[in-house]
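Contents: one structure, followed by commentary.
Starting from 1, each residue takes its place in the sequence as its number.
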Amino acid sequence: MRILLTVSACLATLVLAGCAGHTHSLIPEGSDRELTVGTFRHEGPDEPVMVLEFGGTRFEARGFAIQRNQNLAELRKQYYPSRHYDQIFSGADTDHYAYSAQPVLRAGNGATLRCFAVWRSAGSPAGHCVTSDGVHINFRFE
């Protein structure tokens, strides 16, 4: 009985830790100077969220789609025939996924930023946004 409780407690801890989303903070050195605050959250039970503060205005997007892709043709050239390719093809090896998102961040005053972010599995999002005036803003998260 004691072993069952110990195993259950360990599994519950792992499950709860696995449910947490990934939150990334803005890297000022890798982003435009006018961006002062930024976070990007994805995965987990909560909806994706991206927040940027640009020019003293806070922009935010929630619940945007995140695309997951992998180039199986290229991976086949690189790894086939091998057990590793079999794991990639079956979905057991997710290290080769590339993710992307195109959120539209909105400010309280109605202004928008159209953004494009990409990242590899276990990587950090980076990309750019475009203001309604056509100004490009680069960002990078940790």
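- Within the structure, side chain to side chain donor-acceptor pair (under 3.5 Å) contacts touching residues 104-116 (residues at least two apart or in different chains) do not occur.
- With sequence neighbours excluded, the residues forming a side chain to side chain contact (heavy atoms under 4.5 Å, CB included) with E34 are F54, listed by chain and number.
- With values rounded to the nearest 0.5 angstrom, E47 atom CD is found 9.0 Å from F64 atom CZ.
- Between H42 and H24 the shortest side-chain heavy-atom distance falls below 4.5 Å.
- V49 is not connected to L26 by any chain of hydrophobic side-chain contacts under 4.5 Å among Ile, Leu, Val, Met, Phe, Trp and Tyr, and they are in different clusters.
- Nearest heavy atom pair, residue S121 against residue Y99, reads CA-CE1, 3.9 Å.
- No side-chain heavy atom of W119 sits less than 4.5 Å from a side-chain heavy atom of F141.
- From S100, atom OG reaches atom CG of N69 across 6.0 Å, with rounding to the nearest 0.5 Å.
- Counting only residues at least two apart or in different chains, side chain to side chain donor-acceptor pair (under 3.5 Å) contacts with residues 48-60 comprise T36-E53, R58-E60, E60-R62.
- In this structure, V104 stands alone, with no Ile, Leu, Val, Met, Phe, Trp or Tyr side-chain heavy atom under 4.5 Å from its own, directly or through other members.
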List the atom pairs, donor and acceptor, that lie under 3.5 Å between side-chain atoms in residues 126-140 and the rest of the protein, sequence neighbours left out.
{"from": "T131", "atom 1": "OG1", "to": "D133", "atom 2": "N", "distance (Å)": "3.3"}
{"from": "T131", "atom 1": "OG1", "to": "G134", "atom 2": "N", "distance (Å)": "3.4"}
{"from": "T131", "atom 1": "OG1", "to": "V135", "atom 2": "N", "distance (Å)": "3.0"}

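- The two residues Y97 and R68 make their nearest non-hydrogen contact at CD2-CG, 3.4 Å.
- If you chain together hydrophobic residues whose side chains sit under 4.5 Å apart, V51 and I27 never meet in one group.
- Here the CD-OG1 distance, from E142 to T39, works out to 11.0 Å after rounding to the nearest 0.5 Å.
- Applying the under-4.5 Å side-chain rule to Ile, Leu, Val, Met, Phe, Trp and Tyr, the cluster around F116 extends to V118.
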